[in-house]
Amino acid sequence: NAGVMQNPRHLVRRRGQEARLRCSPMKGHSHVYWYRQLPEEGLKFMVYLQKENIIDESGMPKERFSAEFPKEGPSILRIQQVVRGDSAAYFCASSQGLDSYEQYFGPGTRLTVT
Amino acid sequence: AQKVTQAQTEISVVEKEDVTLDCVYETRDTTYYLFWYKQPPSGELVFLIRRNSFDEQNEISGRYSWNFQKSTSSFNFTITASQVVDSAVYFCALSEPYTGTASKLTFGTGTRLQVTL
């Protein structure tokens with residue numbers, strides 16, 4: 001039973017490029033959360049999605065960031081025109097939804113902007 | 001708004017010492033969950049424990065124990081006879097329910113534990 005998968009594990013982008021981070025939830029899970037961990041800080045909630053719906057994006061920066069969770073395929077966190085301040089670890093978590101408080105985390109994607 | 005405070009930024013102990021990591025939380029919800037996660041140097045998040053707001057019994061798992069006190073809004077984590085492999089950043093987190101269907105987590109800033117020989 002595979003856990004939450006994230007790829008790539010490490011991503012290097014130059015300033016101005018686009019970054020795409022992928023998250024495949026655990027089998028049977030239809031709820032996905034994205035969190036960001038800036039260097040030496042705790043994790044901060046970004047966005048919560050269900051299949052084809054964004055439920056809560058209160059933690060997402062207003063510009064350049066977007067997320068989707070299509071009917072088929074992984075959830076995608078997209079960062080356009082990356083800047084150095086976007087360098088961070090991005091974690092995805094998934095839950096079944098029926099058990100309200102159990103979230104399983106992926107290994108994270110470490111984004112470095114040069 | 002929900003908040004989790006881990007006042008200890010960094011703790012250093014010598015192997016075999018006991019160490020307690022503090023966690024204080026704020027919430028207006030009557031139903032909530034508290035969590036502890038471990039983040040070793042490799043970077044992944046390792047789930048340690050989940051505790052619901054209605055269960056104030058302390059829990060012990062091997063060398064780990066947790067003390068949940070609603071009266072002081074604290075959920076402290078103790079490692080007994082610490083080992084070098086316990087060196088990591090430890091995060092306390094609080095769930096924020098969405099009308100009972102699913103929730104997002106609010107994390108503390110973490111406590112870095114360094115265990116030396």
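In what follows, chains are A, B, ... by sequence order, proteins preceding strands, each numbered from 1. Both backbone and side-chain heavy atoms feed into the values below; hydrogens, waters and symmetry mates do not.
- Cluster annotation: Phe91(B) is connected to Tyr33(B) through the hydrophobic network of ILVMFWY side chains, with a link wherever side-chain heavy atoms come within less than 4.5 Å.
- Within 6.0 Å of CZ in Arg15(A) there are 12 or fewer heavy atoms belonging to other residues, nucleotides or ligands.
- Using a 4.5 Å cut-off between non-hydrogen atoms, the part of residues 106-114 of chain A that approaches chain B consists of Pro107(A), Arg110(A).
- Tyr90(A) and Tyr33(A) fall into different hydrophobic clusters, where Ile, Leu, Val, Met, Phe, Trp and Tyr are joined by side-chain heavy atoms under 4.5 Å apart, directly or via other members.
- Heavy atoms from other residues, nucleotides or ligands lying under 6.0 Å from CE of Met60(A) number more than 12.
- The CG atom of Leu45(B) sits 4.5 Å away from atom CZ of Phe91(A), with the distance rounded to the nearest 0.5 Å.
- Put simply, the side chain of Phe107(B) does not reach to within 4.5 Å of the side chain of Glu41(A), judged on heavy atoms.
- Residues Phe105(A) and Tyr37(B) bring their aromatic ring centres within 6.0 Å.
- Other residues, nucleotides and ligands contribute at most 12 non-hydrogen atoms within 6.0 Å of the NZ atom of Lys16(B).
- Checked by atom type and distance alone, the side chain of Tyr35(A) pairs as donor or acceptor with a backbone atom of Leu105(B) at under 3.5 Å.
- With hydrophobic clusters built from ILVMFWY side chains whose heavy atoms lie under 4.5 angstrom apart, Phe75(B) shares a cluster with Ile11(B).
- Residue Ser42(B) touches chain A through its backbone alone, counting heavy-atom pairs closer than 4.5 Å.
- The environment of CZ in Arg51(B) is crowded: more than 12 heavy-atom neighbours from other residues, nucleotides or ligands sit within 6.0 Å.
- Here the side chains of Ser58(A) and Lys104(B) are in contact, with some heavy-atom distance below 4.5 Å.
- For Glu15(B), the CD atom sits in a packed shell: over 12 heavy atoms of surrounding residues, nucleotides or ligands are nearer than 6.0 Å.
- Within the 4.5 angstrom heavy-atom criterion, no atom of Gln6(B) approaches chain A.
- Hydrophobic clustering (side-chain heavy atoms under 4.5 Å, transitive across Ile, Leu, Val, Met, Phe, Trp, Tyr) keeps Tyr32(B) apart from Val24(B).
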